[in-house]
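So the structure is just underneath, and the comments pick up after that.
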Amino acid sequence: MQLFNFIQSKTNLPSKGIENTVQLLNEDCTIPFISRYRKEQTGNLNEVEIGEIVKFKSQFEELEKRKVTILKALEEQEVLTAELKQKIEATTDLTVLEDIYLPFKKKRKTKAETARKNGLEPLAKMIMSQRVNDLEYTASKYINKEVETIETALEGARFIIAEWINERTDIRNNVRYQFNKFASITTKVVKDKINEEKAQKFKDYFEWSERLNSIPSHRLLAILRAEKEGFIRLKVEIDNERALSKIKDRIIHSNSNCSQQLSMAIEDAYKRLLMPSLSNEAISNAKQKADDSAIQVFAKNLKQLLLGAPLGEKTILAIDPGFRTGCKVVCLNAQGGLEYNETLYPHAPKNDARGAMKKISSLVDAYKIEAIAIGNGTASRETEQLIRKMRFNKDVEVFVVSEAGASIYSASKIARDEFPNYDVTVRGAVSIGRRLADPLAELVKIDAKSIGVGQYQHDVDQAKLKTSLDTVVESCVNSVGVNINTASVSLLSYVSGIGPKLAENIIKYRDENGAFTSRNDIKKVARLGNKAFEQGAGFLRIKNPNNPLDDSAVHPESYVIVEKMAKDEGCTVADLIGNKELLQKIKLEKYCTKTVGILTLKDILSELDKPGLDPREKAKVFTFNQNIRTITDLHEGQLLPGIVNNITNFGCFVDLGIKESGLIHISNLSDSFVSDVSSVVSLHQQIIVKVLEVDSVRKRIQLSLVK
């Protein structure tokens with residue numbers, strides 16, 4: 001099967017779009033570039049659709065690679081027939097391919113292999129034929145030095161037959177179907193672990209049974225983690241009698257001594273070979289689906305987090321709160337540069353609230369602070385209350401900012417390189433302040449797994465998780481655009497076509513030559529060739545440039561089109577930008593070429609209308625209920641403000657301003673049925689919730705969403 005047919009069978013996307021997208025991918029074009037600047041070629045495929053093409057292209061290439069390996073192995077064994085070769089080449093599924101190859105696979109020493117060496121394969125064939133009248137007499141002919149009795153001969157023959165049964169594609173598919181359709185996953189607690197404290201979080205699964213094909217992903221991952229940590233044992237089971245009966249119906253066609261031997265061989269094949277292999281395959285497939293589901297939720301959450309509302313270029317005083325170790329306070333300029341840092345001790349045990357308030361007030365005046373960012377960890381509520389008591393000489397907005405992953409950043413090489421002369425506490429406070437100014441620019445510096453917006457991120461396929469999250473980060477960075485004169489290496493490395501090495505070269509050029517004044521200057525960066533420029537230029541911004549298009553998403557390859565539009569309208573390019581009246585007069589059909597069509601021209605016009613528009617909302621001030629300090633202050637029926645801080649398949653968690661987050665189960669998100677939590681709430685959304693239940697002992701809070 002050709003690559004294009006394979007992808008189309010998996011996606012149902014138009015064949016022309018698939019062919020052109022694959023060609024662009026083979027030319028080292030990135031997903032953001034293709035979806036944004038090559039709409040005519042792809043037929044306006046979006047990033048998700050192009051991502052699907054990338055995924056199935058990779059699957060096809062993996063399948064073809066495996067076919068080559070298998071065909072080579074069969075040729076070396078001199079067993080490759082024209083029919084077998086055709087069968088392998090026509091296969092479009094990796095599992096089916098492995099089933100075809102199974103009989104020819106080199107095996108470690110098996111019972112069947114030993115029996116063959118002892119000359120028992122002819123006896124096995126005779127038993128399979130079910131035409132032997134006197135089986136004992138026939139078996140006696142195979143007694144030798146290695147096979148001392150008739151029973152030993154029959155047992156050896158059964159081992160060979162069991163292997164044949166295990167290798168039959170039709171039988172494997174039948175048993176596989178039963179696992180896919182009817183398998184149950186059953187768990188039992190390991191008795192000597194039942195009272196361990198760590199085991200209690202898995203208490204629900206100490207004795208559990210559920211259909212494998214309908215178990216929610218979060219539950220399967222929890223069960224697999226409990227098994228991995230040794231608290232439970234699990235089995236994947238089907239109706240063994242039904243499975244055996246179906247195999248016997250396929251093989252046994254007589255009622256003789258041979259049929260009795262076949263029945264024994266079938267039971268051995270099922271118990272020793274088929275059952276372990278296919279039950280493992282079933283749990284592996286279920287785990288793969290659970291991984292995909294968990295990764296999908298993680299990716300959605302990460303996207304929402306990265307595209308969180310930025311405050312913008314403001315002077316910020318950031319506080320990483322604490323009790324005994326004090327509150328780390330930093331002052332940042334509008335570009336995020338560190339101007340000042342100090343540790344204050346407003347809370348117990350020192351209780352120097354007056355001194356802290358006086359110092360913060362003076363810092364706000366001295367550094368012309370426009371906003372205060374407070375980390376949401378230990379002592380956050382107490383620090384927020386302290387700040388809100390203060391009266392400043394000007395309006396200063398106060399925000400509580402998520403600290404998730406800040407400690408990871410503060411101890412990282414990136415942080416050490418940025419602030420070599422400061423300790424981790426100062427770096428952590430800087431990260432909190434910068435997150436308020438621009439969440440995307442700061443969060444790209446942290447391993448996405450450490451940001452805390454998913455579940456079981458350490459249990460899922462790590463390679464698949466990394467690929468998915470990297471794709472999300474790349475998509476977010478390129479959808480927003482990057483100021484090349486202020487961006488960090490981390491941020492630049494996610495720009496289409498750039499990568500870590502070129503990002504370092506850009507920073508080096510900037511340090512040595514000063515700010516870039518035009519997009520053309522980017523070509524002067526070492527090792528940044530025409531391809532990298534083509535892929536990345538449209539996503540890089542130059543603020544206050546000579547050519548206004550350099551601060552827009554219009555690609556340099558389209559500048560000539562915009563210049564022609566301006567000339568035709570008798571104005572300059574600058575006159576066109578933001579001028580709705582002029583833009584509405586433009587007849588796009590005049591500017592169509594072989595490579596540039598209406599889709600691209602509409603994008604250009606939209607960008608000229610609002611150049612460099614940031615797709616993100618603006619940051620909003622939020623205040624928790626000041627009377628709620630701990631879980632003991634909660635009671636049923638309360639209506640409280642909260643912020644969604646995590647989304648899962650079974651609901652969302654809400655920050656109420658206390659140590660414990662509350663859970664809105666998916667059933668409590670709406671009066672009507674909800675299939676996708678993300679369709680109702682988004683990460684960091686400010687909402688009102690109702691307290692349904694408080695379990696102070698288990699530290700659990702059940703909530704419902706108030707419309």
Between the side chains of Glu342 and Lys359, is the shortest nitrogen-to-carboxylate-oxygen separation below 4.0 Å, so that they form an ion pair? yes
Do other residues, nucleotides or ligands put more than 12 heavy atoms under 6.0 Å from the CG atom of Asp511? yes
Within 6.0 angstrom of Lys543 NZ, more than 12 heavy atoms from elsewhere: yes
In short, side chain to side chain donor-acceptor pair (under 3.5 Å) pairs touching residues 396-406 with sequence neighbours left out are none
Within 6.0 angstrom of Arg324 CZ, more than 12 heavy atoms from elsewhere: no
So for atom NZ, which belongs to Lys531, do other residues, nucleotides or ligands contribute more than 12 heavy atoms lying within a distance under 6.0 Å? yes
Can you confirm whether Val477 sits close enough to Val480 that some side-chain heavy atom of one is under 4.5 Å from a side-chain heavy atom of the other? no
Ring centres under 6.0 angstrom apart (Tyr37, Phe539): yes
Looking at Phe323 versus Tyr345, is the centre-to-centre ring distance below 6.0 Å? no
Do Arg225 and Phe202 touch side chain to side chain, with heavy atoms closer than 4.5 Å? yes
For Arg541, enumerate each residue passing the salt bridge (Lys or Arg N to Asp or Glu O under 4.0 Å) test, keeping only those at least two apart in sequence or located in another chain. none
More than 12 foreign heavy atoms under 6.0 Å from CG of Asn530: is that the case here? no
Please check if atom NZ in Lys464 has more than 12 non-hydrogen atoms from other residues, nucleotides or ligands closer than 6.0 Å. yes
Salt bridge or not between Glu384 and Arg388? Use side-chain N to carboxylate O under 4.0 Å. yes
Check whether more than 12 heavy atoms from other residues, nucleotides or ligands sit under 6.0 Å from atom CZ of Arg616, and answer yes or no. yes
Under the rule for salt bridge (Lys or Arg N to Asp or Glu O under 4.0 Å), what residues qualify as partners of Lys55, not counting sequence neighbours? Glu52
Are Arg434 and Asp438 close enough for a salt bridge, meaning some N to O gap below 4.0 Å? no
Residues two or more places apart in sequence or in another chain: which of them pass salt bridge (Lys or Arg N to Asp or Glu O under 4.0 Å) with Lys620? none
Counting only heavy atoms not in Lys445, do more than 12 fall under 6.0 Å of its NZ? yes
Go through the structure and list residues passing salt bridge (Lys or Arg N to Asp or Glu O under 4.0 Å) with Lys389, not counting sequence neighbours. none
Between Lys466 and Asp447, is there a side-chain N and carboxylate O pair less than 4.0 Å apart? no
Sorted by chain and residue number, the side-chain hydrogen bond (donor to acceptor under 3.5 Å, both in side chains) partners of Glu557 (sequence neighbours excluded) come out as Arg38
Give me the one residue out of Asp291, Thr648, Asn649 that meets side chain to side chain donor-acceptor pair (under 3.5 Å) with Ser217. Asn649
In terms of the angle between their ring planes, are His555 and Phe33 parallel, tilted or perpendicular, with boundaries placed at 30° and 60°? perpendicular
Short question: side chain of Asn485, backbone of Phe516 - any donor-acceptor pair under 3.5 Å? yes
Hey, are Glu196 and Lys201 close enough for a salt bridge, meaning a charged N less than 4.0 Å from a carboxylate O? no
Between Ile360 and Ile387, is there a side-chain heavy-atom distance shorter than 4.5 Å? yes
